[in-house]
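All remarks here apply to the structure that follows.
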Amino acid sequence: MPDTFDTVIVGAGVAGLTAARLLHDAGRRVVVLEARDRVGGRTWTDRTAGFSVDRGASWIHGLTGNPLTELVEAFGMATAEFTVGSYQAGGRPIANYDEAQRELDAEATAAWLADADAVGDRLAAAADASEAGESYADVVERVLDELGWSGERAARARAFHRHRTEEQCGADNAEVDAHGLDEDAIDGDEVVFPGGYDVLATSLAQGLDVRLGRTVTSLTWSESGVRVSTATGAFDARQVVVTVPLGVLKAGAIDFDPALPEAVAGAIDRVGMGTFDKVFLQFPERFWQDGAYAIRQLGADGVPWHSWYDVSAVSGTPMLLTFAGGEWARRIEEMADEEIVASVLEGLRRLYGDAVPEPTGHWITRWGSDPFALGSYSYVARGATYDDHDVMATPVGGVLHLAGEATWGDCPATVNGALLSGHRAAERILGRAVPLRSLTE
Ligand SMILES: Cc1cc2nc3c(=O)[nH]c(=O)nc-3n(C[C@H](O)[C@H](O)[C@H](O)COP(=O)(O)OP(=O)(O)OC[C@H]3O[C@@H](n4cnc5c(N)ncnc54)[C@H](O)[C@@H]3O)c2cc1C
């Protein structure tokens, strides 16, 4: 006989654990089924070297008005200010390099930031004037035309906005909808976690019945309940909250019987799942400027590598982090570690020459090939809308709820979006409001 619960939660990432915790605290009998051998999902801290390397999420993107702010404080998670995590052009010191690999002086930096603002100021209006199905790349081109820019000036702005969607969406800007970065606003400082982001998930998981190594393969539902099946047994419940990443849903890795209704299935199809990977390089000594939050190659030379973030404060050792997004991320996932490291070093040596020593360590992620993620985070693909994210969470038959970052239209692709989606699912199941604060009580 299958085990019987009030609610089965599929996935022990932040969305699943938030829902589980709130339902458990409300007296419900809850089990969390997780395919991996750990909790946290796309928050994953690697401590094999004796310090924290966050292979998934690193940042809280803006502390103001963010539900994570209170939570991480209550869980005693130390933070370090690092307001450079959302592909900003300025705001904090960045060592920018021009097309001839010369570091920009104060005057050249001010001119570049003025150019970045000039484009940024026009983007929202250009997106509003766009036609259905136009891409972020289309509106950037329209703005450059309006400004009458050409040559290196236009190429630099174009490269910046290309890399912006690669980092923020894990997608190339022709794949992203014209409105795809409308919600990309940062309120307050950004912070990272020297002790690792996964403390959030392990704290949320305290006292819950989490079964690791349980890959859900099928889910049968009717208005009277659900049966959730894994290779090693089935679980019956009155409701289920499915928080597996959008990539896993798109791949059909869980067989829903009956199939998900068109409203939900259509949104799963329309919203995009991006690929965004991290490459950390540890060096025997620091060779870059003190005080710079990041190093950036501007313009067309910033392909394939353009930005290196100084994460030494997190690891306590000289360390740079760079990213690959979209098509380039999909390509590096096929490459050997050594080839990727050599390619990153080539980019750095163009700027710093022989001062760049051989790294003493590297960490490379491959989220697109990870069977329990099949991508890094969701984005508004061409023709989709932010509403599609929320439509995905439409309750099915009163028993089946989807949650997870991809279902939270206000701030998809974030840990706070995942948290809020889990909160919404729990409130829908309980049929009443539950303060998020109760997660820490
Ligand atoms: C490289 C990278 C960097 C990021 N950087 C940031 C950042 O700086 N700041 C930020 O806010 N966000 C960032 N994000 C996004 C953030 O990590 C996610 O939005 C968030 O962690 C998603 O939480 P979730 O609970 O929705 O999904 P997940 O954490 O993916 O949880 C879903 C769980 O379902 C499990 N699962 C999958 N298939 C099955 C199955 N068949 N059966 C059972 N279990 C299954 C998975 O193993 C996983 O544990 C980043 C993501 C990546 C990949």
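- At a threshold of 4.5 Å between non-hydrogen side-chain atoms, the residues Leu181 and Leu123 do not count as touching.
- The aromatic ring centroids of Phe280 and Phe323 lie 6.0 Å or more from each other.
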For this session: Evaluate the criterion salt bridge (Lys or Arg N to Asp or Glu O under 4.0 Å) for residue pair Asp6 and Arg238; output intermediate values, then yes/no.
Result: CA-CA 5 Å; Asp6 291 321; Arg238 283 195 279 156; 3.0 Å; yes

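- A salt bridge is absent between Glu427 and Arg424; no separation between the charged side-chain nitrogens and carboxylate oxygens falls under 4.0 Å.
- Checked by atom type and distance alone, the side chain of Asp388 never pairs as donor or acceptor with a backbone atom of Val271 at under 3.5 Å.
- A salt bridge does not link Arg42 to Asp54: none of the charged side-chain nitrogens sits closer than 4.0 Å to a carboxylate oxygen.
- When every heavy atom of Asp310 is checked against every heavy atom of Met319, the shortest pair comes out as OD1-O, 3.5 Å.
- For CD of Gln289, the number of neighbouring non-hydrogen atoms (other residues, nucleotides, ligands) closer than 6.0 Å is greater than 12.
- Side-chain N or O atoms of Arg28 include none that pairs as donor or acceptor with a backbone N or O of Thr7 at under 3.5 Å.
- For Tyr309 and Tyr293, the ring centers are positioned 6.0 Å apart or more.
- Under 4.0 Å is where a charged nitrogen must lie from a carboxylate oxygen, and between Arg21 and Asp25 at least one such pair does.
- A side-chain contact (heavy atoms from CB on, under 4.5 Å) with Asn173 is found for one member of Arg164, Arg162, Glu166 and no other, namely Arg162.
- Evaluation of the side chain to side chain donor-acceptor pair (under 3.5 Å) rule for Asp290 yields Arg286 as partners, not counting sequence neighbours.
- A side-chain donor from one of Ser58 and Lys278 sits under 3.5 Å from a side-chain acceptor of the other.
- With sequence neighbours excluded, the residues forming a ring-ring contact (aromatic ring centres under 6.0 Å, His included) with Trp363 are Phe51, listed by chain and number.
- No salt bridge links Arg55 with Asp370; every basic N to acidic carboxylate O contact stays at or beyond 4.0 Å.
- No more than 12 heavy atoms of other residues, nucleotides or ligands shown are found within 6.0 angstrom of CD on Glu73.
- A salt bridge links Arg47 and Asp198; the closest N-O separation between the charged side-chain nitrogens and carboxylate oxygens is under 4.0 Å.
- His161 and Tyr87 have their aromatic ring centers separated by at least 6.0 angstrom.
- Taken from CD1 in Ile9 to CG in Leu33, the straight-line distance is 9.0 Å, to the nearest 0.5 Å.
- For Trp367 and Phe276, the ring centers sit 6.0 Å or farther from each other.
- Within 6.0 Å of CD on Glu223 lie no more than 12 heavy atoms contributed by other residues, nucleotides or ligands.
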For this session: Dump the intermediate steps for side chain to side chain contact (heavy atoms under 4.5 Å, CB included) on Asp177 and Ser135, then the final yes or no.
Result: CA-CA 4 Å; Asp177 192 77; Ser135 71; over 6 Å; no

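- Checked against the 6.0 Å centroid threshold, Trp328 and Trp305 count as a close aromatic pair.
- Ring orientation note: the planes of His61 and Trp59 are close to parallel, at an angle under 30° on the 30°/60° scale.
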Problem set entry | Evaluation steps, salt bridge (Lys or Arg N to Asp or Glu O under 4.0 Å), between Arg92 and Asp189 | CA-CA 10 Å; Arg92 293 291 189 276; Asp189 282 353; 3.0 Å; yes

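- Within 6.0 Å of the CD atom in Glu346, the count of heavy atoms belonging to other residues, nucleotides or ligands does not exceed 12.
- Looking only at side-chain heavy atoms (C-beta outward), Ile60 and Val415 stay at 4.5 Å or farther from each other.
- Contact of the Asp209 side chain with the His24 side chain is not registered, since no non-hydrogen atoms from C-beta on lie closer than 4.5 Å.
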